[in-house]
Q: 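Provided herewith is a single structure, encoded as structure tokens, for subsequent inquiry.
Keep in mind that the numbers below use all heavy atoms, side chains included, and drop hydrogens, waters and symmetry copies. Numbers here simply count residues along the sequence, with the first being 1.
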Amino acid sequence: MLAVNARFQGLPITGLERYAREVTRRLRPSSTQLITPGSPLPGFRGQLWEQVVLPRRVHQSDVLWSPTNTGPLAVGRQVVTVHDAAIFDHPEWFHPKVVLWYRLLIPRLMARASIIITDSQFSKTRLLHHTRVSAEKIIVVPCGVDNRFQIARGTPHLFPQTVPHLPSRYVLAVGTLEPRKNLRRLLSAWEIVMRHTQDVVLLLSGQQSTVFSDSHIDKSAVGVRFIGHVDDRDLPLLYARAAAVAYPSLYEGFGLPVLEAMAAGVPVVSTTAPALREVAGDAALLVDPYNEEALADALLRVLEDSGLSGELVSRGIARAAQFTWEKTAEGVMEILEQA
């Protein structure tokens, strides 16, 4: 029997929870048992449940899959998905207590687990750099994108129901309000964009998380609208109606919003961060994440050059079609069967 560490159930959907949900619902239900807390347990309470309660609910004959970076040290027959090495590469982006716990837990968990799954070759390289596990023990299985985003591409007449008064023309940025998302530089770049055009709004979708250090974002910037968390059912439509998607992240283990935007038929401006280059290929405009002028120039080019925008849309649709959650689930299931 396969047991799934389903601590993610009931938590707000970020990239980690989306990965866990999309893959889990594609595993064979007849041989899969989801082990969940009695109620949603974020933060420390969830970690405590994972280390103390979860091991007692896993049978000795089971293989446990922990899909969201952490898992119980007391379970040896375990496959763990560790999505990136940001906690090691950039501890300054996280709350100090989170850094202390994860840097103690993850190397020990990776050493004890049977196999580690990660999302990109970049993440594998960085995890190998920071831990003593062998390269053969870490297997790369890329993430996917749901066909809801493709469907939204064909429904431009529909509006997201939970985002009132949507601007007629906007650039969308999606992600947790955390330092690695580089939103302060995006806002600086947007000031430059606003000097050249006034008919477009920057929409920022996302929430602050207690896991990360404060991003110190100015929410009063001109031409910018913060819309907070968007209901998951409305996200594909929000992408599909955008003039462009900006994803100026400094560091990623994968970069799901890039694929989601491409699948929705929207041109993407992102960065040369290694994992984003790996995911986007030649289907996005990629710029130095530390260069605000380059970011502004790329956004203006996409907004003003319909030929370039159309070419990026065509390439993006083809690129996103290479990544599906069905492929991800098949890759994960093959590894779990090995374990």
Q: Under 4.5 Å between side-chain heavy atoms, counting indirect links through other Ile/Leu/Val/Met/Phe/Trp/Tyr residues: same cluster for Leu105 and Ile138 or not?
A: yes
Q: Are Tyr251 and Pro274 side-chain neighbours, meaning at least one heavy-atom pair lies under 4.5 Å?
A: no
Q: Is Glu252 salt-bridged to Lys181, going by a charged N under 4.0 Å from an acidic O?
A: yes
Q: Does some side-chain heavy atom of Trp190 sit less than 4.5 Å from a side-chain heavy atom of Val200?
A: yes
Q: Out of the candidates Arg126, Arg180, Lys124, only one should pair with Asp84 under the salt bridge (charged side-chain N to carboxylate O under 4.0 Å, His left out) rule; please name it.
A: Arg180
Q: Taking atom types as modelled, is there a side-chain donor on Tyr19 or Thr68 under 3.5 Å from an acceptor on the other?
A: no
Q: Around atom CD of Glu334, are there more than 12 heavy atoms from other residues, nucleotides or ligands closer than 6.0 Å?
A: no
Q: List the steps and the verdict of side chain to side chain donor-acceptor pair (under 3.5 Å) for His83 and Asn69.
A: CA-CA 6 Å; His83 295 272; Asn69 289 334; 4.6 Å; no
Q: Regarding Gln47 and Trp101, is there a side-chain donor-to-acceptor distance under 3.5 Å anywhere?
A: yes
Q: Examine the side chains of Ser314 and Glu311 and answer whether a donor and an acceptor come within less than 3.5 Å of each other.
A: no
Q: Can we say Arg25 and Glu22 salt-bridge, meaning some charged N sits less than 4.0 Å from an Asp/Glu carboxylate O?
A: yes
Q: Counting distance only, does the side-chain N/O of Arg153 pair as donor-acceptor with the main-chain N or O of Ala263 below 3.5 Å?
A: yes
Q: To the nearest 0.5 Å, tell me how far Leu235 CG sits from Leu172 CG.
A: 7.5 Å
Q: With a 4.5 Å heavy-atom cut-off, do Val268 and Leu285 have their side chains touching?
A: no
Q: For the side chain of Ser66 and the backbone of Val80, is there at least one donor-acceptor N/O pair under 3.5 Å apart?
A: no
Q: Roughly how far apart are Leu186 CG and Leu295 CG, rounded to 0.5 Å?
A: 6.0 Å
Q: What is the distance from atom CG of Leu276 to atom OG1 of Thr271, rounded to the nearest 0.5 Å?
A: 4.5 Å
Q: Please give me the minimum heavy-atom distance between Ala152 and Ala240, naming the atom from each residue.
A: O-CB, 3.5 Å
Q: Between the side chain of Glu17 and the main-chain N/O of Thr14, is any donor-acceptor distance below 3.5 Å?
A: yes
Q: Check for a donor-acceptor pair, side chain of Ser270 on one end and backbone N or O of Leu286 on the other, with a separation under 3.5 Å.
A: no
Q: Asp89 vs His129, test: side chain to side chain donor-acceptor pair (under 3.5 Å). Steps then yes/no.
A: CA-CA 10 Å; Asp89 284 334; His129 176 77; 5.8 Å; no
Q: Tell me, do Asp62 and Gln33 make a side-chain contact under 4.5 Å, heavy atoms counted?
A: yes
Q: Below 4.0 angstrom, N of the basic side chain to O of the carboxylate: do Asp232 and Arg148 qualify?
A: yes
Q: Examine the side chains of Ser114 and Gln78 and answer whether a donor and an acceptor come within less than 3.5 Å of each other.
A: no
Q: How about Arg7 and Thr36: do any of their side-chain heavy atoms sit closer than 4.5 Å?
A: no
Q: Ser306 and Ser309: side-chain donor and acceptor closer than 3.5 Å?
A: no
Q: Heavy atoms, side chains only, cut-off 4.5 Å: are Leu127 and Thr118 in contact?
A: yes
Q: Would you kindly say whether Thr32 and Trp65 are connected by a side-chain donor-acceptor distance under 3.5 Å?
A: no
Q: CG/Asp119 to OG1/Thr81 distance, rounded to the nearest 0.5 angstrom?
A: 7.5 Å
Q: May I ask you to test the Phe44-Trp49 pair for a side-chain heavy-atom distance under 4.5 Å?
A: no
Q: When you measure from the side chain of His90 to the backbone N and O of Glu92, does any donor-acceptor pair fall under 3.5 Å?
A: no
Q: Look up atom OG1 in Thr324 and atom CD in Glu326, then write down how far apart they are to the nearest 0.5 Å.
A: 5.0 Å
Q: Without swapping roles, check the side chain of Arg319 against the backbone of Ala283 for a donor-acceptor pair under 3.5 Å.
A: no
Q: Rounded to the nearest 0.5 Å, how far does CG of Leu203 lie from CD1 of Ile227?
A: 5.0 Å
Q: Using modelled atom types only, decide if a donor and an acceptor are shared between the side chain of Lys137 and the backbone of Ala113 within a distance under 3.5 Å.
A: yes
